[in-house]
Amino acid sequence: MPPAAGLVPVRASVWGTIKSRFLRDRTKGAMQPLLSLGVFCLLPVALTLGEGSPQSPRKSVPYHSDNALQFREEGVFNYSTMLLREDLGLLVLGAREAVFALNLSDISQKHSSIKWEVAAKKVKECEDKGKDRETECKNYIRILHTMKNGRMYVCGTNAFDPECGYLDYKNESLTFEETKKDGKGKCPFDPFQRHASVMVDDQLYSATSMNFLGSEPILIRSDQMRTEFKSSWLYEPNFVSMTLVPEGQHSKDGDDDKVYLFFSETAVEFDSYSKVVVPRVARVCKGDRGGERTLQTKWTSFLKTRIDCPVLNSKLPYLIQDSYLWCDATLNWESCVFFAVFTPQLESSDLSAVCAYKMSDISKVFSQGKYKTPVSVETSYVKWVMYNGRVPVPRPGACINNEARNLGIKESRYLPDQTLQFIKDRPLLDQAVEPIEGRPLLLRRGASFTRIVVDQVQAADGHKYHVMFIATEKGTMLKAVNSGKETFNIEEVEIFQPPQPIKIVTLSNAKGQIYAGADSGAAQIPLASCERSSSCVDCVLARDPYCGWDSTEEKCVSVSSSPRKLIQSVTEGDASLCTGSASVKSVGLSGRPGDKLQLSCLSPSNLGKGRWERRGKVFASSPRLQILPDELVILNATADDSGHYRCSSVEHSEAGEFTTAVVDYEVRIESPGSGNDSLTPATRAQTDCPSVAGLRAAVALLVIGLTALLAWIFYEAYPSLPWTKKSQTRRIYEEEAAQTTARSEQAESKLMMSEAHNSNSNNN
Ligand SMILES: *[C@@H]1O[C@H](CO)[C@@H](O)[C@H](O)[C@H]1NC(C)=O
Ligand SMILES: *[C@@H]1O[C@H](CO)[C@@H](O)[C@H](O)[C@H]1NC(C)=O
Ligand SMILES: *[C@@H]1O[C@H](CO)[C@@H](O)[C@H](O)[C@H]1NC(C)=O
């Protein structure tokens with residue numbers, strides 16, 4: 001079809017503006033057959049999908065050695081345990097069979113390292129038990145904590161026979177002290193099993209599996225206080241993270257500090273033929289000493305509940321992968337916020353979410369929520385429902401507080417049997433913890449989220465913003481700012497090559513640095529790399545609260561280190577504050593008539609659209625001057641193509657549309673004689689269509705009409721041909737595909753709004 005051939009470049013240019021990779025991927029299946037038929041009916045839909053999708057990061061920064069400082073050591077893998085020693089200026093890094101002491105300011109500088117290999121006899125035993133010699137029968141460092149006296153507590157899986165010991169850093173070197181001890185109930189046996197631990201007052205709280213098979217999950221403290229082996233307490237859990245919350249500090253009620261545990265487990269409370277896994281938060285009190293007869297050396301304060309991160313249209317709950325407790329040092333614990341990353345439990349979706357929970361909301365559920373209780377239905381079947389009966393006093397699962405003390409109960413051992421029996425049978429609460437505003441702060445398609453850390457920064461406007469750093473399965477770090485009313489994805493930076501899951505992320509507030517660990521090494525990135533923006537418009541549209549434009553220096557600089565007033569607009573991205581024109585890189589390019597010229601133009605932003613001007617006038621793609629996503633291709637050049645070309649990036653923010661010049665080209669086509677045809681295709685396009693958007697709309701409409709007309713003519717002319725029947729079925733397929741795309745667009749916008757979800761009716 002000759003007319004279609006003429007439209008090809010337009011298609012390419014429009015399509016090229018859709019930068020978000022996931023959108024391209026998900027529509028590709030539907031688009032390819034359509035494109036090959038030259039049908040453009042879907043383009044308007046595709047355009048709305050592609051433009052300004054909040055899920056795509058504004059900048060995608062591909063791997064470069066400048067992105068991060070790296071640490072790796074030949075032959076050492078699995079850098080997945082970290083300990084910040086800001087007091088010593090060290091990052092202590094645990095890997096497979098080795099611990100490293102690295103310079104906290106620059107982790108590529110190694111100060112010391114110590115090997116911890118498995119004894120040959122142990123490897124043999126491990127192998128004899130059917131484990132893999134090269135992977136499982138190694139020693140993976142899993143626990144690293146600081147003791148009060150400055151020593152470090154370290155545990156390793158030690159070929160499915162965990163051991164723990166003490167490490168010291170003296171005279172600039174790491175040394176093991178004393179002999180190592182059994183690490184059972186502290187460290188997992190299986191290096192592929194997740195676990196969580198925290199050190200509080202030199203007592204290790206550990207959530208792991210107690211046995212070789214990994215079938216005895218437990219939350220245990222080093223004084224042997226532990227959970228019951230009952231499925232109502234822990235049911236095939238996957239432990240994620242653990243944190244101390246100092247709720248006892250300055251508590252009016254004489255409350256106790258608590259340790260919170262995040263995990264996911266098989267739900268006992270759902271009626272379902274297949275197992276449903278749910279995300280949970282549980283907690284125990286620091287002062288818990290267990291009961292006297294009932295719950296002897298068992299937690300009297302182990303309470304758990306569901307933690308929701310509702311993603312619209314998802315039937316199964318999303319599962320928690322990591323949590324980070326953010327606290328304002330000047331306020332008390334109630335103002336703390338847990339940020340957590342969630343991924344779907346079936347691989348059917350590639351969405352990930354971030355939800356945030358107020359500490360005060362979590363605490364309220366635990367201190368006031370109703371319990372769930374098991375009831376037998378039809379003899380063999382147990383259903384968990386809300387408990388409406390009398391609740392004993394003191395409240396089951398509560399810490400010893402002033403109320404209990406007034407009743408003469410100074411310790412958990414003196415709790416009445418009724419309270420203890422109640423909590424032993426009913427550790428699960430009825431009410432789930434809901435996120436702030438009842439919905440995710442951030443939803444994104446693409447590489448699954450693995451870990452999160454959060455910083456708060458004061459921007460130039462005096463306001464404080466939460467900035468989330470989210471690690472992914474593909475070795476990238478996503479940076480997003482929450483402006484209160486929305487979350488904006490500033491950038492996604494590739495920090496590991498080849499792409500691999502990031503297993504751990506740590507933030508040092510003192511150094512303003514983030515450390516990430518993966519199988520091949522560890523990386524260090526600063527909180528901000530303002531120099532990635534080279535123009536004022538780009539710097540302001542980035543909406544990065546750490547960065548602002550210094551109009552004196554003409555640089556995008558860090559807000560905290562600049563003495564001058566900077567241009568910044570975190571909430572709106574108002575680049576109209578930028579004055580003066582930016583200096584633009586200028587490139588000379590010469591060729592001969594008939595040449596193919598490629599003028600590359602990389603937009604600084606995924607949200608920006610390229611715009612080409614020639615001799616000061618905007619032009620659109622044409623068969624000979626093809627505008628592709630990252631370049632302009634001039635085919636079969638003529639002398640008339642000589643002249644000045646400028647590529648700009650046009651980007652929308654809440655404050656309007658802003659244009660930044662990206663690159664200038666001075667093109668010279670040298671030829672002895674040239675035709676004087678002033679109406680080249682390019683200039684014609686200009687006169688026809690004053691704006692790119694107008695052109696697109698016009699072309700899309702034209703094409704719809706044209707296609708319909710052609711189809712109609714064809715059908716009328718050859719109604720009986722089998723081929724036309726086929727084309728008819730094809731058309732139906734096209735329509736279906738169009739509907740699918742429209743539907744996914746609807747789903748998309750719903751996701752963005754992500755309204756309050758309908759709470760699960762299985763609950764009661
Ligand atoms: C350790 O790293 C190796 C090499 O990348 C990887 O194949 C293996 O799965 C990792 N093991 C664990 C327990 O993560
Ligand atoms: C750590 O690195 C920083 C920055 O490179 C350097 O100034 C400092 O001296 C190093 N510290 C030690 C103990 O070597
Ligand atoms: C510290 O190390 C230095 C050089 O390695 C050594 O001469 C010195 O004796 C060590 N000091 C102690 C207390 O071990």
Side-chain angles (χ1 to χ4, degrees), residues 65-66 68-82 84-113 115-118 123 126-127 131-144 155-162 169-174 183 187-196 208-209 212 214 238-240 321-322 448 450-451 471-475 495-505 508 510-526 561:
S65 56
D66 287 349
L69 288 165
Q70 303 274 346
F71 174 78
R72 59 188 61 201
E73 183 135 308
E74 192 68 36
V76 181
F77 300 97
N78 314 98
Y79 300 81
S80 51
T81 314
M82 280 180 181
L84 281 181
R85 288 301 302 264
E86 285 166 345
D87 55 335
L88 303 174
L90 293 180
L91 176 75
V92 183
L93 178 64
R96 192 168 81 180
E97 320 232 291
V99 180
F100 301 93
L102 310 176
N103 183 333
L104 194 58
S105 306
D106 175 359
I107 63 162
S108 64
Q109 298 177 30
K110 181 175 81 177
H111 290 323
S112 172
S113 69
K115 287 222 168 251
W116 184 6
E117 287 165 330
V118 185
V123 177
C126 174
E127 225 181 338
K131 300 294 175 189
D132 185 73
R133 185 189 174 87
E134 291 308 316
T135 58
E136 294 167 302
C137 299
K138 298 266 185 191
N139 189 21
Y140 293 82
I141 308 302
R142 282 291 175 262
I143 287 177
L144 267 174
C155 302
T157 58
N158 196 37
F160 269 80
D161 188 13
Y169 184 74
K170 274 199 190 121
N171 205 9
E172 307 228 327
S173 69
L174 288 167
C187 178
F189 286 65
D190 184 344
F192 290 97
Q193 204 170 45
R194 286 198 68 178
H195 72 105
T208 183
S209 194
F212 181 85
N238 186 31
F239 299 116
V240 164
Q321 298 300 337
D322 192 28
S448 294
T450 58
R451 299 289 185 271
T472 75
E473 202 82 26
K474 296 274 166 65
I495 58 172
F496 287 102
Q497 187 84 287
Q500 54 195 292
I502 295 180
K503 302 276 180 73
I504 187 164
V505 177
S508 165
K511 291 279 176 209
Q513 299 283 316
I514 290 170
Y515 308 90
D519 281 343
S520 74
Q524 171 188 351
I525 55 169
S561 62

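In each ligand, atom 1 is the first atom listed, and ligand 1 is the first ligand listed.
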Contact atoms of ligand 1, heavy-atom distance to D519 under 4.0 Å: 1 (C), 2 (O), 5 (O), 6 (C), 10 (C), 14 (O)

Residue among L104, L69, I504, L93 satisfying side chain to side chain contact (heavy atoms under 4.5 Å, CB included) with Y515: L104

Name of the residue among T157, N139, D161 meeting side chain to side chain contact (heavy atoms under 4.5 Å, CB included) with V118: N139

Protein contact of [atom] - nearest heavy atom, named by residue and atom, plus distance:
{"atom": "atom 10 (C) of ligand 2", "value": "N103 ND2, 2.4 Å"}
{"atom": "atom 11 (N) of ligand 1", "value": "N78 ND2, 2.8 Å"}
{"atom": "atom 13 (C) of ligand 1", "value": "F192 CE2, 3.4 Å"}
{"atom": "atom 5 (O) of ligand 2", "value": "Q109 NE2, 3.0 Å"}

Parallel, tilted or perpendicular: rings of Y140 and F192 (30°, 60°): tilted

F212 and F160 aromatic ring geometry - parallel, tilted or perpendicular at 30°/60° bounds: tilted

Distance-only side-chain donor-acceptor flag, R142 / S80, under 3.5 Å: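 Result is yes, a qualifying pair exists.
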
Ligand 1 contact by K503, heavy-atom criterion under 4.0 angstrom: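 Flag set, K503 near ligand 1.
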
SG-SG distance C187 to C155 under 2.5 Å: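 Cystine link not detected, SG atoms outside the 2.5 Å cut.
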
Subset of ligand 2 atoms that lie under 4.0 Å from at least one heavy atom of H111: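 In order of number, 12 (C), 13 (C), 14 (O).
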
Heavy-atom protein contact below 4.0 Å for atom 7 (O) of ligand 2: no

